[in-house]
Engineer: 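Structure in structure tokens, see below.
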Amino acid sequence: MTEHKLLLAPSILSADFTRLGEEIRTVADNGADWIHIDVMDGHFVPNISMGPLIVAACRQVTDLYLDVHLMIDRPERYIEDFAAAGANGITIHVEASPNLHRTLQAIRLLGCQAGAAINPGTPVDALRPVLGLLDTALVMTVNPGYSGQGFLPEMLEKVRLVRSWMAGSGLDVRLQVDGGISTGTLPQALSAGADTFVAATAIFKHPDGAAQGTIQLRDLLKKLGS
Ligand code: DX5
Ligand code: ZN
């Protein structure tokens with residue numbers, strides 16, 4: 001297994017969209033590694049959020065890796081649009097993709113890194129058959145749809161399992177957690193084996209601003225990661 005750098009991926013779902021460019025620059029200047037973009041269709045999840053237009057807008061303001069998380073039914077219909085908009089990575093849900101294997105291959109053919117995500121109610125085994133096609137495995141630590149929900153500690157067991165599958169496998173797959181990540185919960189996810197951390201509320205709703213939110217999580221990763 002490759003030792004990965006620990007990455008912080010602020011989710012713009014909780015950003016102030018009246019000043020999205022400024023918000024992205026703030027997190028980029030203070031230690032964000034990726035920009036996480038949550039795409040919701042009102043079908044796969046109850047909420048509706050953003051589409052390729054916002055990905056293209058993010059691409060205009062940053063060179064950071066754009067990590068597009070598709071919480072949409074049948075994502076194969078849209079991966080080309082998101083790749084064209086400037087996504088670096090596209091993550092799809094196993095529950096939403098009847099042809100998961102084929103769609104992951106298609107994401108790579110479009111020149112993007114491929115990710116697969118599992119909801120809290122989905123057995124972790126769903127990731128196993130496609131591990132070899134993944135750049136990122138995403139274990140959801142809340143039910144997708146909204147930011148600001150409580151971290152589900154029972155998901156840590158899934159993180160441990162995926163990490164154990166990767167040990168000695170020669171696979172080079174990032175292990176991402178998304179949902180309820182804060183200075184309180186990040187250490188548990190890290191010690192379970194996660195290496196890539198998404199956070200919306202803890203960054204963009206930090207009482208002292210997004211710069212402080214980013215710095216605090218970044219510092220924590222530095223402290224715990226070495
Ligand atoms: C949940 C999204 C998350 C969300 C995280 O549906 O996939 O990326 O923005 O928000 P927090 O960090 O507030 O739980
Ligand atoms: Zn997400």
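The basis for the numbers below is simple: all heavy atoms, side chains too, and nothing from hydrogens, waters or symmetry mates. We count ligands from 1, going down the list as the structure has it; atoms in each ligand are counted the same way.
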Engineer: Using the side-chain hydrogen bond (donor to acceptor under 3.5 Å, both in side chains) rule, take Q216 and D208 through it: C-alpha gap first, then chi angles, then the decisive distance, then the call.
Structural biologist: CA-CA 11 Å; Q216 281 187 8; D208 299 324; 5.3 Å; no
Engineer: Please tabulate, line by line, the atom pairs linking an N/O of ligand 1 to a protein N/O at a distance below 3.5 Å, with the distance in Å to 0.1, or answer 'none'.
Structural biologist:
residue: ligand 1; atom: 6 (O); partner: G145; partner atom: N; Å: 2.7
residue: ligand 1; atom: 7 (O); partner: D38; partner atom: OD1; Å: 2.9
residue: ligand 1; atom: 7 (O); partner: H69; partner atom: ND1; Å: 3.2
residue: ligand 1; atom: 7 (O); partner: D178; partner atom: OD2; Å: 3.0
residue: ligand 1; atom: 8 (O); partner: H36; partner atom: NE2; Å: 3.4
residue: ligand 1; atom: 8 (O); partner: D38; partner atom: OD1; Å: 3.1
residue: ligand 1; atom: 8 (O); partner: D38; partner atom: OD2; Å: 2.7
residue: ligand 1; atom: 8 (O); partner: D178; partner atom: OD1; Å: 2.6
residue: ligand 1; atom: 8 (O); partner: D178; partner atom: OD2; Å: 3.0
residue: ligand 1; atom: 9 (O); partner: S11; partner atom: OG; Å: 3.1
residue: ligand 1; atom: 9 (O); partner: D38; partner atom: OD2; Å: 3.0
residue: ligand 1; atom: 12 (O); partner: A200; partner atom: N; Å: 2.8
residue: ligand 1; atom: 13 (O); partner: G148; partner atom: N; Å: 2.8
residue: ligand 1; atom: 13 (O); partner: T201; partner atom: N; Å: 3.1
residue: ligand 1; atom: 13 (O); partner: T201; partner atom: OG1; Å: 2.4
residue: ligand 1; atom: 14 (O); partner: G180; partner atom: N; Å: 2.7

Engineer: Got a sec, which pairs hit side chain to side chain donor-acceptor pair (under 3.5 Å) with one end in residues 124-140, sequence neighbours left out?
Structural biologist: R108-D135
Engineer: Can you tell me how far CG of L217 sits from NE2 of H206, rounded to the nearest 0.5 angstrom?
Structural biologist: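 If we round to the nearest 0.5 Å, H206:NE2 and L217:CG are 8.0 Å apart.
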Engineer: Evaluate whether atom CD of E80 has more than 12 neighbouring non-hydrogen atoms of other residues, nucleotides or ligands under 6.0 angstrom away.
Structural biologist: no
Engineer: Check the Zn ion (ligand 2) and write out every protein N, O or S atom at under 2.8 Å, as residue and atom.
Structural biologist: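 Correct list: H36 NE2, D38 OD1, H69 ND1, D178 OD2.
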Engineer: Does the plane of the ring in W34 sit parallel, tilted or perpendicular to the ring in Y65? Use 30° and 60° as the thresholds.
Structural biologist: parallel
Engineer: Applying salt bridge (charged side-chain N to carboxylate O under 4.0 Å, His left out), name anything that partners R160, two or more places apart in sequence or on another chain.
Structural biologist: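 With neighbours one apart ignored, the set is E157.
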Engineer: Are there over 12 heavy-atom neighbours, none belonging to D63, within less than 6.0 Å of that residue's CG?
Structural biologist: no
Engineer: Rounded at 0.5 Å granularity, tell me how far CG in L53 sits from SG in C58.
Structural biologist: 10.0 Å
Engineer: Does the distance from a Lys or Arg side-chain N to an Asp or Glu carboxylate O, for K5 and D33, drop under 4.0 Å?
Structural biologist: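 Yes.
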